[in-house]
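These notes concern the structure reproduced below.
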Amino acid sequence: MRALLLIDLQYDFCPGGALAVAEGHETIPIANRLSAKFDTVVATQDWHPAQHKSFAVNHPGKKPYDVIDLAGLSQVLWPAHCVQGTPGCGLHAGLDLTRLTKVFHKGTDTEIDSYSGFFDNGHRKATGLGDWLKARNVDDVVVMGLATDYCVKFTALDARKLGMNVTVAADGCRGVELAPGDIDRAFADMRAAGCDVVNSAEIS
Ligand code: VGL
Ligand code: ZN
């Protein structure tokens, strides 16, 4: 069985949002086109409490994009984004919600960030996505969404670690690109882990 994983297609990652990704909204029509071809479509939602420790505002004296140690891991401090229940946390209204089989939230634990849709960054707790897919005998996943160099990348890498065949729809992804080359490096990392990186038009 196969599933489409739509990663963090939320207002805060689109132009005008709190952690806007350039052209983030351009992923929406691609998500809708792909969704029509899949029986199982899962969306993830970054879903942070306001006190989340990945937010610079929760570390006095720090500013966005500073890097700190959090729970023993290197952590980029972000502008506050995807705060539970705020409009910015919402899935983009252009997304065809009728196609969604299931939504998984991540980043809910104040103490640790969660880029992957499967586990927190320390691989300490699972979101339930892995077990949910396994229960449905999903062994092939197509991944796309926001942001290429964070949540898409770590979701794709974790899917590989869980033994799934992973295809990344590159045109359905946009990245943060904190440092020049981050997006290209993210695709290279995904390829190196065995992900097939393709154009969405190639997916039937
Ligand atoms: C993301 C940074 C912080 C993402 C989420 O969805 O890629 N990036 N939180
Ligand atoms: Zn986040």
Side-chain angles (χ1 to χ4, degrees), residues 4-36 41-60 62-68 70 75-100 102-110 113-117 121 127 142-156 168-187 199-200:
L4 176 64
L5 308 184
L6 302 175
I7 307 303
D8 298 2
L9 297 176
Q10 294 165 271
Y11 277 112
D12 271 345
F13 298 123
C14 292
L19 180 38
V21 172
E23 306 174 341
H25 62 301
E26 293 184 7
T27 60
I28 302 299
I30 295 164
N32 289 338
R33 221 145 50 220
L34 281 179
S35 295
V41 181
V42 174
T44 64
Q45 239 174 329
D46 211 29
W47 194 256
H48 298 308
Q51 297 76 21
H52 199 264
K53 288 190 179 164
S54 74
F55 297 170
V57 69
N58 293 325
H59 299 270
K62 298 291 180 191
K63 50 188 194 312
Y65 312 109
D66 284 350
V67 177
I68 64 160
L70 182 62
Q75 173 71 48
V76 177
L77 293 179
W78 302 106
H81 63 277
C82 297
V83 174
Q84 296 172 7
T86 63
C89 202
L91 292 170
H92 193 286
L95 189 65
D96 184 359
L97 301 179
T98 68
R99 298 295 314 161
L100 299 186
K102 179 88 176 163
V103 179
F104 284 90
H105 290 160
K106 62 187 185 58
T108 56
D109 182 340
T110 318
D113 213 351
S114 184
Y115 295 145
S116 161
N121 291 0
T127 60
V142 172
V143 183
M144 60 151 284
L146 304 170
T148 314
D149 34 358
Y150 291 93
C151 293
V152 171
K153 171 178 141 175
F154 286 101
T155 300
V168 180
D171 53 320
C173 302
R174 293 293 186 281
V176 177
E177 192 89 337
L178 274 187
D182 277 359
I183 293 172
D184 285 346
R185 275 188 291 275
F187 283 126
N199 187 284
S200 63

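Small disclaimer: the values here were computed from a predicted structure and weren't measured. Heavy atoms only: backbone and side chains are in, while hydrogens, waters and symmetry mates are out.
Under the 6.0 Å distance and 45° angle rule, Lys102 counts as a cation-pi partner of Phe104.
Between Cys89 and Val83 the shortest heavy-atom distance is CB-O, 3.4 Å. Looking at every heavy atom in both residues, Ala147 comes nearest to Gly175 through CB-CA, 4.2 Å. Nearest approach of Phe55 to Pro49, heavy atoms of both residues: CE1-O, 3.7 Å. Between Cys14 and Gly24, the closest heavy-atom pair is SG-C, 3.9 Å.
Each salt bridge (Lys or Arg N to Asp or Glu O under 4.0 Å) pair with one or both residues in residues 77-92, not counting sequence neighbours, would appear here, but there are none.
A side-chain donor-acceptor contact under 3.5 Å links Asp149 to the backbone of Glu177. Of the possible donor and acceptor atoms, none in the side chain of Tyr65 sits under 3.5 Å from a partner among the backbone N and O of Ala56. No side-chain donor-acceptor contact under 3.5 Å links Thr110 to the backbone of Gln51. Side chain of Asp66 to backbone of Leu77: no donor-acceptor contact under 3.5 angstrom is found. Panel note: side chain Thr27, backbone Gly145; no donor-acceptor pair is recorded below 3.5 Å. One N or O on the side chain of Asn58 and one on the backbone of Ala50 form a donor-acceptor pair closer than 3.5 Å.
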Quiz item: Does the side chain to side chain donor-acceptor pair (under 3.5 Å) test come out yes or no for Asp46 and Gln10, once each step is laid out?
Solution: CA-CA 8 Å; Asp46 211 29; Gln10 294 165 271; over 6 Å; no
Exercise. Could you please spell out the steps behind the side-chain contact (heavy atoms from CB on, under 4.5 Å) verdict for His52 and Asp113?
Key: CA-CA 8 Å; His52 199 264; Asp113 213 351; 3.7 Å; yes
Practice problem: Might you work through the side-chain contact (heavy atoms from CB on, under 4.5 Å) test for Ser116 and Lys106, ending with a clear yes or no? | Solution: CA-CA 8 Å; Ser116 161; Lys106 62 187 185 58; over 6 Å; no
Exercise. Test side-chain contact (heavy atoms from CB on, under 4.5 Å) on Leu95 and Asn32 and set out the steps.
Key: CA-CA 6 Å; Leu95 189 65; Asn32 289 338; 3.7 Å; yes
Exercise. With side-chain contact (heavy atoms from CB on, under 4.5 Å) as the test, would you mind laying out the steps for Cys173 and Val168 before giving the verdict?
Key: CA-CA 9 Å; Cys173 302; Val168 180; 4.0 Å; yes
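Remark: aromatic rings of Phe13 and His81 are close, center separation under 6.0 Å.
In this structure, CG on Leu4 lies 5.5 Å from CG on Leu34, to the nearest 0.5 angstrom. Atom-to-atom distance recorded for Asp12:CG and Gln45:CD is 11.0 Å, nearest 0.5 angstrom. Rounding to the nearest 0.5 Å places OG of Ser200 at 5.0 Å from CD1 of Ile30. To the nearest 0.5 Å, atoms CE (Met144) and CG (Leu9) are separated by 5.0 Å. To the nearest 0.5 angstrom, Lys53 atom NZ is 9.0 Å from Ile68 atom CD1. The distance from atom CG of Leu146 to atom CG of Asp8, rounded to the nearest 0.5 Å, is 7.0 Å.
The shortest distance between side-chain heavy atoms of Thr44 and Leu5 does not fall below 4.5 Å. By the 4.5 Å heavy-atom criterion applied to side chains, Leu6 and Leu100 are counted as neighbours.
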What pairs of donor and acceptor atoms, side-chain ones from residues 178-185 against any protein atom, are under 3.5 angstrom apart with sequence neighbours left out?
from: Asp182; atom 1: OD1; to: Arg185; atom 2: NH2; distance (Å): 2.9
from: Asp182; atom 1: OD2; to: Ala179; atom 2: N; distance (Å): 3.1
from: Arg185; atom 1: NH2; to: Pro180; atom 2: O; distance (Å): 3.0

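For Tyr150, the ring-ring contact (aromatic ring centres under 6.0 Å, His included) criterion is met by Trp78, Tyr115, not counting sequence neighbours.
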